[in-house]
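See below for the structure under consideration.
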Amino acid sequence: MSGGFRLDLAGLEPGPAQVWGGVRLVPLLRAEPVEGLRLHAELYRDGYGVVATGPRTAYTSYIPHGFVADWGADAGRTGQAAAYGTQLRGGPGGRDEGPVACVPLTAHRRMARREAKHRLRFLPLHLALEGYLSLHFGGPSIAWEHWSREALRRGLSPRAEEAYRGAEVGGLDDALRVFEVHPRQCGTVVYVADATAAVFAVPHPEDYRALHHTLLLDLYGELVHQYGLFGAPVPEFRPALGDPDSLPELRAAVAREERGWREFHDGTMAAGLLDAPYRAQRVYRAGPFTLQRFLPAFRPHQENHIGEAITTRNGRIAYLKTFRLSEAQVRRGHLLTRLAANDWQFGATAGELKVTEAELARRLTSAGFGHLLRQDIADGFRAAARRRPG
Amino acid sequence: MGRGACAVPGAPEGLVAAEDVLLFVNAAVTSTGQREFHGGADEQRMSLEFLHAYMLGNYRELYAAALALGVNDHNAALIVRHLLRTAAEADPGQRRTEGALIARRLELLPPQRVYALFAELRAARVNNRRTRAVVRDWLAGRPDPAFDAVKYHAGMKGALRHAHLRPANEELGRFLFAPRGGARFGHPLLEARRRARYEQAALFELPFTVAEGFAARHGIPREVFLERIAPRLTRLERLRTQESARRSGAAAVPADLSRMPLTRLASYVLALPVPDRVARRAELTAALAAAARRTAGARAGSWGRVTAVLDDSYSATASGQKRRRPLAVALAAHFLLAALAGSYRALWTSGRTDALLARPQGPTPLGARLLDALESGPDLVLVVSDGFDNAPPGLAAEVLRVWRTRIDPAGRAGVVHLNPVYDADGFDVRRLSPAVPTAGIRDAEDLPALVELAAFATGRTGMARLRAHLDTRIAEFLAPGAPAGGPAAPTGAAAGGPDVPAARQDVPAGGTTGGTTGGAA
């Protein structure tokens with residue numbers, strides 16, 4: 001099931017940003033933690049007790065994707081398992097959905113991970129990324145003559161994307177290390193060279209403190225990596241208080257500055273993320289909480305974020321994680337959505353994009369989807385393109 | 001580049017020199033070449049090396065004078081090393097002053113640092129006549145050569161060799177250079193050291209650090225060892241081993257906390273888990289208050305209305321090398337100011353009100369706290385912070401600017417910023433605002449002198465005044481029986497002895513050790 005969706009950070013108010021080099025981290029503060037949703041208690045061996053809830057209160061928990069824990073029954077030979085995608089679970093008060101879906105960790109999987117030296121091979125574990133990868137994964141829905149037999153039979157498979165681990169993003173590790181977590185902080189917006197790189201939000205400040213460092217283990221797109229590599233240090237936004245003449249006026253000026261920053265952040269800095277329309281797909285519902293993943297409209301040359309969110313009944317965000325697509329990824333998503341919107345009709349899509357069919361074929365090839373086209377048709381387009389410029 | 005580290009065209013020469021000196025003193029008071037929260041150890045060392053080279057090259061006299069200004073031990077050793085390395089460049093007048101300053105400062109340094117300095121000089125092949133004279137005079141001034149020979153065996157041996165000196169007597173020479181001869185020693189300590197290799201009882205007559213190795217070799221359980229070595233522990237060793245002794249069940253070690261130096265005590269308190277602090281609240285508070293009263297001395301209660309803004313943000317954790325140092329300075333300052341002030345109010349950046357339970361956590365809303373502090377109508381606002389004001393960044397500077405230019409241009413209320421952290425990139429401690437003086441601080445004990453120094457730290461002092469001040473300080477420093485070098489206090493009233501003379505720190509706190517002649521502190 002899918003529908004329109006708009007990211008709304010209501011209840012998560014931006015705090016003063018902290019800058020380190022080219023990375024700006026904006027804390028998201030909650031006045032009140034979200035009731036009834038916490039990290040799954042089993043994930044922590046000790047400490048992290050769960051707040052006791054009343055007899056008829058449903059306790060819901062979520063398990064961030066990839067959290068390695070010992071699940072006993074489900075685990076493989078090694079006795080360790082990783083949560084497969086972010087999940088929602090009902091607890092003691094509500095209905096229990098049985099064991100957590102998890103992947104046994106084996107030597108084989110780990111080796112596969114280490115395959116590339118400086119780049120992390122992309123594991124389709126992340127719920128949102130999985131959503132992006134499976135975009136029109138089935139391939140052409142109608143067997144138009146343009147599409148190759150392979151495309152009709154196997155769709156886009158195999159589909160792979162590359163991303164960088166947070167530790168590879170220049171300066172992010174130091175910025176996270178020296179970042180001073182606010183007492184009410186439940187999330188962070190990460191800016192690299194002042195480009196929105198990711199948003200991360202959780203329901204409770206204690207969850208955030210436990211997961212702050214996982215921002216370093218998250219995946220970031222190529223754009224963010226390049227900005228981290230080449231970006232110069234960004235300036236701090238320092239308040240200017242004018243010339244008040246008394247302490248009450250000074251205090252008012254300070255409050256005005258704080259309000260100004262909040263408006264500036266939500267209205268300008270994060271505008272590309274918050275103002276964009278998204279298409280959401282509901283994955284799971286547990287009590288009042290809905291886990292969904294969302295995809296952007298794939299507008300080329302603009303900010304496009306994919307992500308996963310847990311929302312409460314009134315649409316407030318309890319958990320959020322986003323990933324900024326790189327330009328090439330946006331292009332691929334754009335092409336696929338346009339093709340799908342035109343029922344995979346080649347000519348109609350070219351017409352909508354206002355390009356020739358040969359140009360569309362070239363774009364498909366450079367986006368890595370060349371194998372979808374029938375070989376003779378693709379060759380024909382190439383030959384035509386060679387003949388024309390003269 | 002630092003503000004003063006390059007000459008500003010058109011500025012009067014004296015002003016630049018004065019700024020450079022103050023900048024250097026700030027660095028030399030705070031930096032220990034160790035890792036900080038925001039910067040690595042290498043950055044700190046490189047930055048410090050640059051400042052030392054710059055000062056030595058441009059203002060040799062002022063550089064040497066810094067020895068009288070309460071710079072920390074790390075920097076004092078560096079200064080001595082650089083001065084001795086370039087001894088040939090000094091003229092005879094400079095040499096005389098330098099010699100006196102070096103000799104006096106080495107007396108005040110802990111002996112292990114001096115022996116390490118001699119080893120560095122040896123490694124750098126600095127062996128001019130002055131260096132040998134300095135080594136000779138310092139060794140001659142040691143109260144008990146036998147004790148040094150046992151506790152600092154390698155150091156003493158190296159120093160004697162490097163300076164071509166004869167040991168104090170034949171027996172000591174044999175102990176240092178031919179210890180495996182097998183013959184007995186007349187001196188009880190040397191004999192104990194010889195016997196300790198095969199006799200457990202003998203090692204309990206040795207200094208703690210030496211005995212520790214033997215205890216491990218003989219397989220003596222830790223609690224037994226600590227119980228029996230307790231009388232040999234120096235004051236700081238006793239404080240240091242408190243908690244491990246408590247854990248291993250040795251009952252005899254507990255120290256009289258109220259006799260400990262204030263900042264060390266604050267560090268100790270902050271290292272305790274919160275439940276322990278709650279359980280021992282009365283004891284710890286009393287000890288801190290007693291240490292503060294002792295430090296305040298005659299000035300207690302004379303400061304009027306004081307409000308302190310104390311930084312307990314997450315960055316006060318410092319690093320693994322300097323654990324919670326900025327927070328310890330803030331906590332010590334809290335108790336000291338409570339003793340100094342007529343009426344005192346503390347504002348922690350976290351909003352916490354219970355100082356004893358201070359934890360480094362959360363952001364640094366210095367601007368908001370300063371605003372609260374100024375609203376309380378104090379005579380003096382004292383900020384102890386590393387200067388990383390981040391919630392929002394730069395608000396403190398704006399509040400101080402408005403306060404100084406619009407609300408209180410006459411300067412009725414003084415505002416002083418003390419910074420315990422050296423910023424390697426800026427070649428200085430981080431400042432909050434140009435409107436407010438900032439000084440580096442290492443031990444909270446120096447706080448009174450540093451606040452008086454505030455007049456100098458605004459950076460508008462001419463060279464003549466600074467030079468006059470330095471001359472007074474040098475005279476005080478070199479005068480017989482002078483207190484151990486506090487920081488540069490502009491008035492004659494020096495810091496009131498911020499700590500026990502460092503040279504006595506290797507002597508057990510009990511003061512009754514066999515063969516140790518130096519009286520206990």
Side-chain angles (χ1 to χ4, degrees), chain A residues 13-21 23-29 171 173-185 188 205-206 208-209 212-213 233-265, chain B residues 35-40 43 311-320 348-352 359-377 385-386 388-409 413 421 425 432-433:
Chain A
E13 141 199 325
Q18 293 180 30
V19 170
W20 191 255
V23 180
R24 187 191 306 277
L25 297 173
V26 177
L28 296 173
L29 315 176
D173 47 355
D174 275 337
L176 286 173
R177 181 178 64 80
V178 302
F179 181 82
E180 299 184 332
V181 178
H182 286 246
R184 289 187 289 122
Q185 185 170 350
T188 302
E206 277 179 27
Y208 184 80
R209 272 199 287 280
H212 175 67
H213 67 279
V234 291
E236 286 176 331
F237 292 122
R238 301 177 87 87
L241 298 177
D243 292 313
D245 285 317
S246 66
L247 279 171
E249 280 179 42
L250 180 59
R251 198 169 269 282
V254 169
R256 204 163 49 238
E257 279 296 318
E258 281 172 5
R259 209 167 43 244
W261 158 252
R262 284 199 292 271
E263 283 160 12
F264 172 70
H265 177 263
Chain B
R35 194 148 56 85
E36 295 283 359
F37 184 76
H38 290 96
E43 288 167 48
D311 186 351
D312 60 346
S313 68
Y314 178 56
S315 60
T317 34
S319 69
W348 293 86
T349 51
S350 63
R352 203 175 273 121
R359 288 175 65 188
Q361 206 177 43
T364 322
L366 271 186
R369 288 290 166 276
L370 263 174
L371 203 53
D372 296 343
L374 294 172
E375 272 181 351
S376 66
S385 165
D386 58 8
F388 279 88
D389 170 33
N390 61 18
L395 185 62
E398 267 300 276
V399 167
L400 289 173
R401 177 189 65 81
V402 171
W403 174 259
R404 270 283 167 264
T405 55
R406 310 284 305 178
I407 301 174
D408 181 24
V421 179
D425 295 334
L432 279 186
S433 151

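Each chain gets a letter, A, B and so on, in the order its sequence line appears, and its residues count up from 1.
Of the atoms belonging to A/W261, not a single heavy atom falls under 4.5 Å from chain B. Looking at A/A253, there are no atoms closer than 4.5 Å to chain B (heavy atoms on both sides), in backbone or side chain. For B/T405, no part sits under 4.5 Å from any heavy atom of chain A, backbone or side chain.
Options A/G15, A/P183, A/A240 differ in how many heavy-atom pairs under 4.5 Å they form with chain B, and the most are formed by A/A240. Most heavy-atom pairs under 4.5 Å with chain A, from the set B/S313, B/A368, B/P360, B/A397: that is B/S313. Chain B forms the most heavy-atom pairs under 4.5 Å with one residue out of A/L250, A/V19, A/D243, and that residue is A/D243. Of the listed residues (A/L247, A/D174, A/V181), the one with the most heavy-atom contacts under 4.5 Å to chain B is A/L247.
B/N390 places no side-chain N or O within 3.5 Å of a backbone atom of A/E180 that could act as its donor or acceptor partner. For the pair A/H182 (side chain) and B/P363 (backbone), a donor-acceptor distance under 3.5 Å is absent.
Between B/F388 and B/F37, the distance from one ring center to the other does not fall under 6.0 angstrom.
Atoms NE2 and CD, on A/H265 and A/E13 in that order, are 11.5 Å from each other to the nearest 0.5 Å.
Nearest heavy atoms, A/P239 versus B/P393: CD-O, 3.0 Å.
Side chains of B/S385 and B/L366 form a contact here, defined as non-hydrogen atoms less than 4.5 Å apart.
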